[in-house]
Amino acid sequence: MNMRRADRSGSIAYLCFDDSKNFGDQLIGRLARRQLSMVGLDEFEIVNARNVDVDLREFAAVVIAPGGYLSGKHESDDRENVRWFLDLSAATAEELAAAGVPIFFWGTGVNAWSGRRAFDAEAVHEIRGVLEASAGVFVRGHADLTFLREKIWQDIDQRARFMPCPSLFTKRLLQLPGSPPSAMVGINIGADQIGEWSNAPADGEHAWFAGRIRLVVEHIRSRGFQPVFLPNTPFDHTFCETHFSTDPALLMNDRTAMLGDGMAEWLPRFHSVIGMRLHGWLPYVGAGVPSVLISPFPIRQQMPNDLGLPECYGMSGPFDPNAVIACFDQICAEREALVGEAARVVDVEWTRASNIAREVARAVGERTARGAPITLEASAEFWEQRGSRLRKAELYDAAICAYERAGTVLGSYQIAMCRAAKGEDEAAASLFRFVSECDALRPDLAWLREAAQGHLQRLELRRGSSESAAPLG
């Protein structure tokens with residue numbers, strides 16, 4: 001067990017799929033953390049959103065990363081206690097709210113597949129409970145908000161607001177240089193999404209789609225441009241290799257390189273992009289590249305309109321290669337004007353997102369100033385229930401060391417809590433007395449003085465009674 005867990009009160013638990021093989025998941029995770037760091041929130045602990053193995057009550061806040069995390073249970077997850085896509089139950093969310101730990105969904109969205117991740121009654125119950133217990137649900141699309149309102153919680157507007165995915169702000173967050181466009185046209189194909197097209201055949205949908213997207217590829221080439229496949233996942237890569245490996249003129253972009261130093265080189269250099277996955281489209285829009293979204297999901301087809309982007313930045317309805325070609329041709333004819341129009345949208349949304357970020361920073365700051373209201377004993381029990389070999393006394397000793405190094409009044413209060421939980425009443429009483437008499441000129445410490453006085457009184461009562469008192473909390 002990591003000893004630093006004794007003092008997470010200034011850190012944010014960042015729930016995400018950071019080890020995902022999806023380029024989009026990796027990119028948006030980095031962008032979101034960079035966005036929050038710009039308002040002073042830069043202490044994160046990465047937590048696997050599908051397998052939460054930390055006590056979230058120890059943190060200053062919990063942030064659910066961008067992505068389609070508002071989904072039903074994953075088909076491969078056979079755990080009975082996990083009823084929706086994330087390992088975060090309604091009961092846990094309620095405990096966090098009671099402990100004063102705010103939960104924020106940061107540019108998160110709904111994934112509404114036709115035959116996967118079903119929103120059954122259990123999933124709806126859990127998702128609604130988490131949303132109700134959250135401090136802020138910032139959702140990446142108006143269509144997502146409509147879905148949540150109609151399917152999950154009709155009063156979602158009490159908690160939720162529209163806020164774009166951070167991938168709209170790639171140019172600002174990654175400080176991308178202005179680059180003259182090359183002749184490259186990116187094409188992203190979400191291979192596992194092809195069957196979601198309303199006009200896809202029941203069998204052979206990959207071959208069906210390959211034939212139609214080839215018409216787009218050939219048109220792009222006929223206009224003197226170089227098509228470049230941009231696979232976001234291993235599925236996408238396999239699709240491109242399977243159906244286009246005989247075409248030596250088609251390039252395959254290395255997505256791994258784009259997450260490193262290659263990001264600044266690749267993102268802004270495309271003439272245009274045609275993207276099927278949200279994050280095979282939106283990061284390029286944010287980089288100043290005219291891009292066409294060809295998502296098969298109705299909930300996602302509305303995204304360009306949600307953002308107020310030019311009409312040719314999206315295609316709705318069944319997959320139609322001619323409609324895609326028409327959008328591409330319009331981009332070729334009006335590229336400069338379209339880039340300017342999209343840049344104005346990004347500026348407006350950046351202001352919105354920055355204001356929300358400052359709200360979150362204030363909420364987290366208030367929580368951090370007050371310290372962790374849960375008892376360390378409760379935290380120790382949490383780990384003991386999960387089979388941790390670290391015993392309670394060791395956890396308290398580790399905490400005491402951390403708080404002694406802090407050298408603050410709040411640290412003294414937390415040390416007193418540890419001493420009391422270990423049964424060291426005299427040492428605890430001395431520290432509680434010190435805290436209760438601390439600088440009265442500091443109104444921000446009033447709550448701490450009151451809490452210390454209350455615990456001191458309980459300790460004195462415990463001394464005078466032969467009966468065991470309730471644990472401090």
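Numbers here simply count residues along the sequence, with the first being 1.
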Q: Say you draw a straight line from OH of Y313 to CG of L338; how long is it, rounded to the nearest 0.5 Å?
A: 5.0 Å

Q: Looking at D120 and K73, is there a salt bridge between them, counting it only when a charged N and a carboxylate O are closer than 4.0 Å?
A: no

Q: Does S37 use its side chain to pair, donor to acceptor, with the backbone of R34 at less than 3.5 Å?
A: yes

Q: Could you report the tightest heavy-atom contact between V101 and A61, atom names first, then the distance?
A: CG1-CA, 3.9 Å

Q: More than 12 non-hydrogen atoms from neighbouring residues, nucleotides or ligands closer than 6.0 Å to CD on Q158, yes or no?
A: yes

Q: Rounded to the nearest 0.5 Å, what separates atom CZ in F44 from atom OG in S11?
A: 9.5 Å

Q: Tell me, please, which residues at least two apart from R352 pass salt bridge (charged side-chain N to carboxylate O under 4.0 Å, His left out).
A: E349

Q: How far apart are the C-alpha atoms of F328 and V292, what are their side-chain angles, what is the distance that settles it, and do they pass the side-chain contact (heavy atoms from CB on, under 4.5 Å) test?
A: CA-CA 8 Å; F328 174 72; V292 185; 5.6 Å; no

Q: Any side-chain heavy-atom pair from D53 and D87 closer than 4.5 angstrom?
A: no

Q: Under 4.5 Å between any side-chain heavy atoms of P321 and I213, yes or no?
A: no

Q: Who are the side-chain hydrogen bond (donor to acceptor under 3.5 Å, both in side chains) partners of D347, not counting sequence neighbours?
A: R172

Q: Please say which of W84, F147, W153 ends up in a ring pair (Phe, Tyr, Trp, His ring centres under 6.0 Å) with F119.
A: F147

Q: Any side-chain heavy-atom pair from L267 and V289 closer than 4.5 angstrom?
A: no

Q: Ring centroid separation for F17 and Y69, is it under 6.0 angstrom?
A: yes

Q: Given M38 and L173, is the side-chain contact (heavy atoms from CB on, under 4.5 Å) satisfied, shown in steps?
A: CA-CA 9 Å; M38 295 178 76; L173 295 172; 3.6 Å; yes

Q: Could you pull out all donor-acceptor pairs under 3.5 Å where a side-chain atom in residues 297-310 meets a protein atom, sequence neighbours excluded?
A:
| unit_1 | atom_1 | unit_2 | atom_2 | d |
| --- | --- | --- | --- | --- |
| R300 | NH1 | D144 | OD1 | 3.1 |
| R300 | NH2 | V110 | O | 2.9 |
| R300 | NH2 | D144 | OD2 | 3.1 |
| Q301 | OE1 | G317 | N | 2.9 |
| Q301 | NE2 | S295 | O | 2.9 |
| Q301 | NE2 | G317 | O | 3.3 |
| Q302 | NE2 | D306 | OD1 | 2.9 |
| D306 | OD2 | H142 | N | 2.8 |

Q: Any side-chain heavy-atom pair from P296 and I194 closer than 4.5 angstrom?
A: no

Q: So which atom in A287 and which in T170 form the shortest heavy-atom distance, rounded to 0.1 Å?
A: N-OG1, 3.1 Å

Q: Is it true that the NZ or CZ of R212 lies under 6.0 Å from the centre of F319's six-membered ring and within 45 degrees of the ring axis?
A: no

Q: First locate atom CH2 of W197, then atom OG of S114, and finally report the distance between them rounded to the nearest 0.5 Å.
A: 13.0 Å

Q: Any non-hydrogen side-chain atom of M276 less than 4.5 Å from a side-chain atom of N232?
A: no

Q: Mind listing the closest non-hydrogen atom pair of C240 and F229 along with its distance?
A: SG-CG, 3.7 Å

Q: Within the structure provided, determine whether D236 and N188 are in side-chain contact (heavy-atom separation under 4.5 Å).
A: yes

Q: Of all heavy-atom pairs between E205 and A202, which one has the smallest distance, and what is that distance?
A: OE1-O, 3.8 Å

Q: Of the non-hydrogen atoms in H279 and C165, which two are nearest, and what is the gap between them?
A: NE2-SG, 3.3 Å

Q: Start with the C-alpha distance between D329 and R223, add both sets of side-chain angles, then the distance that settles salt bridge (Lys or Arg N to Asp or Glu O under 4.0 Å), and finish with yes or no.
A: CA-CA 9 Å; D329 285 345; R223 296 206 54 165; 2.9 Å; yes

Q: Might you point out which heavy atoms bring C312 and Q330 nearest each other, and give the distance in Å?
A: CB-OE1, 3.4 Å

Q: What distance do H206 atom NE2 and H243 atom NE2 have between them, rounded to the nearest 0.5 Å?
A: 6.5 Å

Q: List the atom pairs, donor and acceptor, that lie under 3.5 Å between side-chain atoms in residues 123-130 and the rest of the protein, sequence neighbours left out.
A:
| unit_1 | atom_1 | unit_2 | atom_2 | d |
| --- | --- | --- | --- | --- |
| E126 | OE1 | A90 | N | 2.7 |
| R128 | NE | E132 | OE2 | 2.8 |
| R128 | NH2 | E132 | OE2 | 3.2 |

Q: With sequence neighbours left out, write down each residue that passes side-chain hydrogen bond (donor to acceptor under 3.5 Å, both in side chains) with Q193, or none if nothing qualifies.
A: none

Q: Going by the rule ring pair (Phe, Tyr, Trp, His ring centres under 6.0 Å), which residues pair with W350 if we only count those two or more places apart in sequence or in a different chain?
A: F169

Q: I'd like to know if the side chain of S182 and the backbone of R269 have a donor-acceptor N/O pair within less than 3.5 Å.
A: yes

Q: Rounded to the nearest 0.5 Å, what's the gap from CD1 on I46 to CD1 on I12? Could you check?
A: 10.5 Å

Q: Going by side-chain hydrogen bond (donor to acceptor under 3.5 Å, both in side chains), name the residues that satisfy it together with T92, two or more places apart in sequence or in a different chain.
A: S89

Q: Test side-chain contact (heavy atoms from CB on, under 4.5 Å) on H271 and I331; report intermediate values, then the result.
A: CA-CA 9 Å; H271 169 273; I331 287 172; 4.1 Å; yes

Q: Tell me which pairs pass side-chain hydrogen bond (donor to acceptor under 3.5 Å, both in side chains) where either residue lies in residues 103-112, with sequence neighbours left out.
A: Q35-W106

Q: With D157, which residues qualify under salt bridge (charged side-chain N to carboxylate O under 4.0 Å, His left out), at least two apart?
A: R149

Q: Excluding sequence neighbours, so at least two apart, what forms side-chain contact (heavy atoms from CB on, under 4.5 Å) with A361?
A: V39, L41

Q: Does the side chain of L131 come within less than 4.5 Å of L70's, by heavy atoms?
A: yes

Q: T233 versus R277: any side-chain heavy-atom pair under 4.5 Å?
A: yes

Q: For R79, check side-chain hydrogen bond (donor to acceptor under 3.5 Å, both in side chains) against everything at least two apart and list the hits.
A: D77

Q: For atom CZ of F162, decide whether the heavy atoms of other residues, nucleotides or ligands shown that lie under 6.0 angstrom number more than 12.
A: yes

Q: Could you work out, with salt bridge (charged side-chain N to carboxylate O under 4.0 Å, His left out) as the rule, every residue matching E359, not counting sequence neighbours?
A: R161

Q: CD1 of I64 to CZ of F105: how many Å apart, nearest 0.5 Å?
A: 5.0 Å

Q: With side-chain contact (heavy atoms from CB on, under 4.5 Å) as the criterion, how do R140 and M163 come out once you've worked through the C-alpha distance, each side chain's angles and the decisive distance to 0.1 Å?
A: CA-CA 5 Å; R140 68 189 184 189; M163 188 191 80; over 6 Å; no

